[in-house]
Amino acid sequence: MRREMASRPRRYWLMKSEPDVFSIDDLRRAPGRTTCWDGVRNYQARNFLRDQLAVGDGVLYYHSSAEPSGIAGEAVVARAGYPDPTAFDPHDVHYDPKSIRSRPTWYAVDVKFVRACAGIIPLARLRRLPAVRSMLVLKRGMRLSVQPVTEAEWRAIMTLPEWAPPE
DNA sequence: GCCAACGTTGGC
DNA sequence: GCCAACGTTGGC
């Protein structure tokens, strides 16, 4: 008997990266416009990567510790959670001897470039948009590097003029 | 560079 | 299990 692929509604995420380390332009220039999103060492974020992110999910690419910080582009999950290879590499800054291959502690996903904003959408601007007031990234003290985004928030972000290329 | 907020570590 | 100390994140 034929079976449909297990399927669920598309979900949306916000993922933080310091542009000095890996920017949206770095992602565009990466081989296959894809990178391994590794090095996450927070258990809540790990759980999202391991259990929740699925191929095709939408990603808001967020520049943190930037001038200004804000949403810099759109990406898509290209590979669901798998053991973070950097955790096994003694020469990597993210090496973690607690993580063993038979029982990995840390997980990564692959993320693929979709588009960059024509102009970054600064955090201060997001704060002034009633439609995205609920976004986790706006919450004080929120340091999670992988955050769920609601469909309503995603849609509101996608309608902003910052996405349009300049005339 | 400052510092608030948060997560982790480790002594007890 | 408590909690103080410490390290990290990240906006400003």
Side-chain angles (χ1 to χ4, degrees), chain A residues 11-30 35-53 57-77 81-111 113-150 152-154 156-163:
Chain A
R11 290 184 193 163
Y12 306 97
W13 307 93
L14 180 145
M15 299 175 77
K16 294 181 188 172
S17 181
E18 297 187 23
D20 291 347
V21 178
F22 203 84
S23 71
I24 188 74
D25 287 329
D26 292 326
L27 182 60
R28 174 171 31 209
R29 289 190 294 259
T35 196
C36 172
W37 200 275
D38 55 25
V40 172
R41 295 293 179 268
N42 168 279
Y43 286 100
Q44 202 178 346
R46 185 280 309 269
N47 292 346
F48 285 133
L49 295 174
R50 187 189 59 191
D51 306 330
Q52 307 276 332
L53 275 72
D57 281 1
V59 174
L60 297 174
Y61 198 108
Y62 181 89
H63 282 177
S64 60
S65 297
E67 195 47 57
S69 293
I71 294 167
E74 179 188 354
V76 63
V77 177
Y82 59 97
D84 182 344
T86 66
F88 305 132
D89 179 0
H91 302 296
D92 195 284
V93 286
H94 297 297
Y95 175 59
D96 182 357
K98 293 194 312 296
S99 185
I100 54 175
R101 287 175 196 277
S102 56
R103 265 189 92 233
T105 306
W106 304 114
Y107 281 74
V109 299
D110 285 355
V111 160
F113 178 88
V114 174
R115 58 178 170 159
C117 294
I120 203 160
I121 307 167
L123 191 57
R125 168 144 159 72
L126 296 176
R127 292 193 191 287
R128 284 186 269 105
L129 291 173
V132 301
R133 202 164 29 197
S134 56
M135 285 188 79
L136 288 176
V137 73
L138 303 185
K139 286 185 114 176
R140 177 177 164 72
M142 170 52 65
R143 303 188 310 185
L144 250 194
S145 62
V146 180
Q147 304 175 6
V149 170
T150 68
E153 292 161 355
W154 176 270
I157 295 294
M158 288 300 149
T159 60
L160 296 177
E162 280 87 343
W163 294 102

Apply side chain to side chain contact (heavy atoms under 4.5 Å, CB included) to A/T86 and list each qualifying residue two or more places apart in sequence or on a separate chain. A/D38, A/R41, A/D84, A/D92, A/H94
Spell out protein contact along nucleotides 2-12 of chain C as letters: B when the base is contacted, S when just the sugar-phosphate is, - when no protein heavy atom is under 4.0 Å; keep the 5' to 3' order. -----BBBBSS
Residues two or more places apart in sequence or in another chain: which of them pass ring pair (Phe, Tyr, Trp, His ring centres under 6.0 Å) with A/W154? A/Y12
Test: side chain to side chain donor-acceptor pair (under 3.5 Å). Region: residues 124-133 of chain A. Which pairs qualify, not counting sequence neighbours? A/R125-A/E162
Checking A/R11 now: which residues fulfil side chain to side chain donor-acceptor pair (under 3.5 Å) with it, not counting sequence neighbours? A/Q52
Partners of A/Q147 by side chain to side chain donor-acceptor pair (under 3.5 Å), sequence neighbours excluded? none
